[in-house]
Amino acid sequence: MPARGLLSSSPWTSGPSRRNKAAMPRYNPREVEPRWREAWARADVFRAENVSDKPKYYVMEMFPYPSGKLHVGHTRNYAMGDVVARFKRAQGFNVLHPMGWDAFGLPAENAAAERGVDPAAWTQDNIDTMRAELQRLGLSLDWSREVATCDPAYYGKQQAWFLRLWKKGLVYRKEGLVNWDPVDMTVLANEQVIDGRGWRSGAVVERRKLTQWFMRITDYADELLESLKTLDRWPDKVKLMQENWIGKSRGLRLTFPSAGDAALGFEDGITVYTTRPDTLFGASFIALSPDHPLTEILAARDGRVADFVARCRKGGVSEAEIETAEKLGFDTGLSVEHPFDRTWTLPVWIANFVLMDYGTGAIFGCPAHDQRDLDFARKYGLPVKPVVLPPDADPATFRVGAEAYVEGGRIYNSRFMDGLEVEAAKAAAIDKAEGLGLGEGATVYRLRDWGIARQRGWGCPIPVTHCAKCGVVAVPEKDLPVKLPEGMDFSRPGNALERHPTWKETRCPECGGPATRETDTLDTFVDSSWYFDRYINPQADEPIDKEAADYWLPVDQYIGGIEHAVLHLLYARFITKALRDEGMLSADEPFAGLFTQGMVTHETYRRQSGEWLEPGEVEISSEGGHRRARLRATGEAVVIGDVEKMSKSKRNVVSPADMADTYGVDAARLCVLSDSPPERDVQWTAAGVEGAWRLVQRVWAEYDAEPVIEPLDVKRELELRRATHRAIKAVTDAIEGWRFNSAIARLHEFVGVLRRFPEGGLARREALSALARLVSPFAPHLAEECWARLGEPGLCATAEWPQYDAKLAEDEERVLPVQVNGKRRGEIRAAAGASEAEVEKIVMGDPEIARRLEGLQVRKVIVVKDRIVNIVAA
RNA sequence: GCCCCGGUGGCGAAAUCGGUAGACGCAACGGACUUAAAAUCCGUCGGCUGCAAGGCUGUGCCGGUUCGAGUCCGGCCCGGGGCACCA
């Protein structure tokens, strides 16, 4: 949003500054910034070397989808990464800071459908636009390593490793129930279904039976869980989310033998999975999933079962259905024997709340100690028998009412387990079941295999052919990449690749007979699971240049949104481990350090008709204490919606370009990093840019000022030197601690100090030399201009980070507040590091303190070195 | 329902080891400069109270630990995020 009054007259041409001399042109970023970007490009200073004596540092931000326009959320994200990249480079690291494009996906298809453009051309245009915008931000990126996932040179290598994983058995095809998005007309992974709706379209997801491609991420479930422990530079929150997602549980897989007249398919009894084998004597029924194979057999024979299953399938995933969550059951009339007492039989039900794809798809119900089972038992009049006694309860009177008892306690009513604590009873039950040959201890994960196929035209083709004679055959590596055709028809929903008139037709690589190509493409999360490997050498013949990868991996610092905590980060970890086991790289984990930055949010605006509006089209006013919004062009009333993450779909995006046009790129970078800590969400306002702009001008004014030659005052010189070293320490520590907002605050302070020291001399020179380098990660163009003005050799971008002298960074004298009984009553001055005795002496000799202590008896004096004094007196 | 994370001036926030609460910035107000405005510079800026020095109070609420609590502990309220028939 253009700031008031700045469009007609630009701030840097509006008049001379009055500091130190009559007329001085103000710092003009429009002229300065492009010049330094050219200088960096000419010197190629941001190119990383795959062979180097320096220690390596690999820093990257999550690559963007090329939507066509950069917004301030991107700016903030990439500015953060650039601060780290420039800081580490200055500290002597060989820094790899690459960029690329997550370029497959639906928006290109939507654009093709709406405007009849070619998705490849549309995407390429967007990439070109956004690359220019990114380059304008002055990011220290190594553009020689750029990758785009829609480039055959990239996805062809992806097909190559995909086939290797297939041959290894990590990829397989299976018929199963899938989540079908009826709007996008594609299959979604479980992770991509949120509240029963497609993560992208928001449409209610249906369940369909289809043959699908999967990756065996569950083979790695245990390692993915265990090695989370090695990720000490990941946020705990993300590790916790992944841990919950993997959902490891230990329990018992146990078979209930069928009782009496075993029905067809039912001879082997029913196998259930439980994490509560200690409650087996509280069992009251068995429940099968509506999708259980036995249910299907029963449904084939009995129409009432089929009707019941149909009822369960209807909805089931819809939001409303989940919320009401009514338990539904059907009594099959069949029964099984209790494994621990074969004379005891239990009825077999089919229940809607039993999931087929978790455990065995069948459970035993223990209503007293499981809320779902209790709800079910109450509804259908099944017995409720408690077997875990709460610590203070009386076995004679303890009853379970409306709430199941799920806490710990002592087992009773349970024969050989009586008297045991819950954990001991679980072990005893597992032993017993194993002894009987009816069960074994089992570990089960919530994590499911990853469904990777999408019925989309704009994605990486799955490189296989279907031959009537040979079945599913891999395309030979020499024939890769399997490229997308030109001229796909996106005017109708569905898979444009499938509809293409000729692309499908091919020859079987094995028998040479006629065959068809697979028309499913890979989930775009496959594309983003290895791009950090490809950056290392995007021209390599092999998908991954192993030698270079062994040097660079793992990524030292990855920066991105918390919204990828589970999906992208889990897939990328899995693919890394799979490729490692294929011998393609050596790293166990892709990202040693992870930082999840906050989102940039903005209010949303819509027309009465529901159409989204951009913030720039809307004028906000205050009428009667209420904020009102009107369409700038027509005055039409506009609905102010929620504050949400900036996204193209809701059109609540603010471009950094306007801000950069008016104030320059450096001010824009400072603005997005100021004021709020990087991990916090921020609601966008342009207010901070004025402060950033002033900082730029004030920094420049120090370099541009004519030197004031005055005799150096030794005391003032020391004071300035102390301020310099204190600033170096503070900024360094703040960057290392990811407190960029604090680092910028310290720059403001340091500039404030410099204004008070216009004299020349070495101390000022030292200060200015340090300041340029401290400013450099945040406002790199300004830093170069200052550096050049100082006459320093070379580029500031390649200068060493300033070192501080720890002695100078500490004050030699401290002001210590003095409290009496915890209330501040004065302060004293003491040498830094003064002993308790020395400080106490000064305190007691202070007349003001003495006055405060009149009539009181000092009981105790607490001296915290260099910080505070507290006198306890009565 | 369960699991996380937050709540500090008019606003964004700082205080990261239990030790001066509000650094730094924005806005506002007062002043300087200017024919004037903008820009720039200097200053004030949690609340109550006082002529002043100062005093009292204050980090969502209630209680606790401590010489000392924004920070630690217990209970609650509010906001945000994640998971949600996972047996």
Side-chain angles (χ1 to χ4, degrees), chain A residues 4-6 8-9 11-19 26 194-195 235-238 240-241 243-245 247 249 251 272-276 279 287 316 322-323 325-327 351-355 357-366 369-373 375-376 444-448 562-563 565-566 670-671 674-677 679-683 685-695 697-698 701 730 733 737 739 741-749 752 755 815-824 826-827 859-873:
Chain A
R4 172 177 46 88
L6 286 166
S8 49
S9 70
W12 54 85
T13 55
S14 60
S17 159
R18 229 153 287 278
R19 183 170 149 76
R26 307 184 67 198
I194 296 148
D195 289 339
D236 290 340
K237 180 191 170 83
V238 174
L240 190 69
M241 281 165 72
E243 196 180 315
N244 290 339
W245 192 265
S249 76
V272 303
Y273 171 73
T274 178
T275 57
R276 292 299 302 275
T279 65
I322 284 170
E323 273 172 18
E326 198 196 344
K327 301 281 179 290
N352 66 339
F353 64 92
V354 181
L355 303 175
D357 44 10
Y358 183 81
T360 62
I363 61 154
F364 83 84
C366 176
H369 306 294
D370 183 288
Q371 192 59 47
R372 295 157 301 180
D373 297 347
D375 295 343
F376 191 79
V444 165
Y445 299 88
R446 203 188 82 107
L447 183 70
R448 315 279 153 78
I562 186 75
E563 67 272 24
V566 176
L670 285 165
C671 175
S674 291
D675 294 348
S676 282
E679 67 279 8
R680 200 169 302 179
D681 289 351
V682 288
Q683 191 175 341
T685 88
V689 73
E690 292 281 348
W693 167 251
R694 281 194 273 260
L695 178 61
Q697 292 299 335
R698 284 174 187 171
D733 290 352
R739 298 184 306 272
N741 53 330
S742 296
I744 293 168
R746 300 289 84 82
L747 292 174
H748 274 283
E749 272 175 348
R755 302 171 76 89
V815 174
L816 305 188
V818 180
Q819 298 179 331
V820 175
N821 291 331
K823 288 191 192 272
R824 191 175 177 283
E827 57 187 36
R859 302 233 186 267
K860 198 172 168 188
V861 178
I862 293 148
V863 177
V864 181
K865 196 179 245 188
D866 291 344
R867 303 213 80 141
I868 202 168
V869 181
N870 191 8
I871 301 166
V872 186

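Residue numbers begin at 1 in each chain, while the letters A, B, ... track the order of the sequences.
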Spacing between [X] atom [atom1] and [N] atom [atom2], to the nearest angstrom:
X: A:Leu747; N: B:rA14; atom1: CG; atom2: P; value: 16 Å
X: A:Asp681; N: B:rG80; atom1: CG; atom2: C1'; value: 8 Å
X: A:Glu243; N: B:rC83; atom1: CD; atom2: P; value: 15 Å
X: A:His748; N: B:rG12; atom1: NE2; atom2: P; value: 18 Å
X: A:Glu679; N: B:rC5; atom1: CD; atom2: P; value: 13 Å
X: A:Ile744; N: B:rA14; atom1: CD1; atom2: C1'; value: 14 Å
X: A:Asp675; N: B:rA27; atom1: CG; atom2: P; value: 11 Å
X: A:Leu355; N: B:rA87; atom1: CG; atom2: P; value: 10 Å

Any strand is fair game: report the nucleotide pairing with [N] by Watson-Crick or G-U wobble, both distances under 3.5 Å, or none.
N: B:rG63; answer: B:rC73
N: B:rC33; answer: none
N: B:rC2; answer: B:rG82
N: B:rA52; answer: none
N: B:rA28; answer: B:rU44

Are any non-hydrogen side-chain atoms of A:Ile868 and A:Pro817 less than 4.5 angstrom apart?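 Answer yes - side chains close enough.
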Quick check: do A:Asp370 and A:Ile363 have side-chain heavy atoms less than 4.5 Å from each other? no
Of the listed nucleotides ([options]), which one gets closest to any side-chain atom of [X]?
X: A:Thr275; options: B:rG19, B:rA87, B:rG25; result: B:rA87
X: A:Arg680; options: B:rA13, B:rC4, B:rG25; result: B:rA13
X: A:Ser676; options: B:rG12, B:rU20, B:rA87; result: B:rG12
X: A:Pro677; options: B:rG25, B:rC85, B:rA13; result: B:rA13
X: A:Arg446; options: B:rA84, B:rG82, B:rU20; result: B:rA84
X: A:Arg746; options: B:rC4, B:rC85, B:rA23; result: B:rA23
X: A:Asn741; options: B:rA14, B:rA15, B:rC85; result: B:rA14
X: A:Arg739; options: B:rU20, B:rG19, B:rA15; result: B:rA15
X: A:Lys237; options: B:rC4, B:rU20, B:rG25; result: B:rC4
X: A:Trp245; options: B:rC83, B:rA87, B:rA13; result: B:rC83

Under a 3.5 Å distance rule, please check whether A:Asn821 uses its side chain to pair with a backbone N or O of A:Ala873 as donor and acceptor.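 Side chain of A:Asn821 to backbone of A:Ala873: a pair is present.
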State whether the side chain of A:Asp373 and the backbone N or O of A:Cys366 hold a donor-acceptor pair below 3.5 Å, judged by distance alone. yes
Which protein N or O atoms sit under 3.5 Å from an N or O of nucleotides 53-56 of chain B?
unit_1: B:rG55; atom_1: OP1; unit_2: A:Arg825; atom_2: NH1; d: 3.4
unit_1: B:rG55; atom_1: OP1; unit_2: A:Arg852; atom_2: NH2; d: 2.7
unit_1: B:rC56; atom_1: OP1; unit_2: A:Arg825; atom_2: NH2; d: 3.2
unit_1: B:rC56; atom_1: OP2; unit_2: A:Arg825; atom_2: NH1; d: 3.4

Any salt bridge between A:Arg448 and A:Asp357, counting N to O under 4.0 Å?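 Result for this pair is yes, salt bridge flagged.
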Quote, to the nearest angstrom, the [atom1] distance that separates [N] from [M].
N: B:rC56; M: B:rC41; atom1: P; value: 38 Å
N: B:rC67; M: B:rC61; atom1: P; value: 25 Å
N: B:rG60; M: B:rU8; atom1: P; value: 6 Å
N: B:rA21; M: B:rU34; atom1: P; value: 43 Å

Geometric cation-pi criterion, A:Lys327 with A:Phe353: 6.0 Å, 45°: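 Yes, a cation-pi geometry.
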Nucleotide N/O to protein N/O under 3.5 Å, stretch nucleotides 67-71 of chain B:
unit_1: B:rC67; atom_1: O2'; unit_2: A:Asn870; atom_2: ND2; d: 3.2
unit_1: B:rC67; atom_1: O2; unit_2: A:Asn870; atom_2: ND2; d: 2.5

With syn defined as a glycosidic torsion within 90 degrees of 0 and anti otherwise, which applies to B:rG9? syn
Rounded to the nearest 0.5 Å, how far does NE2 of A:His748 lie from CG of A:Leu670?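 That separation rounds to 7.5 Å.
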Just to be sure I understand the rule, does A:Ser249 reach a base, reach only the sugar-phosphate, or reach nothing, if contact means heavy atoms closer than 4.0 Å? sugar-phosphate
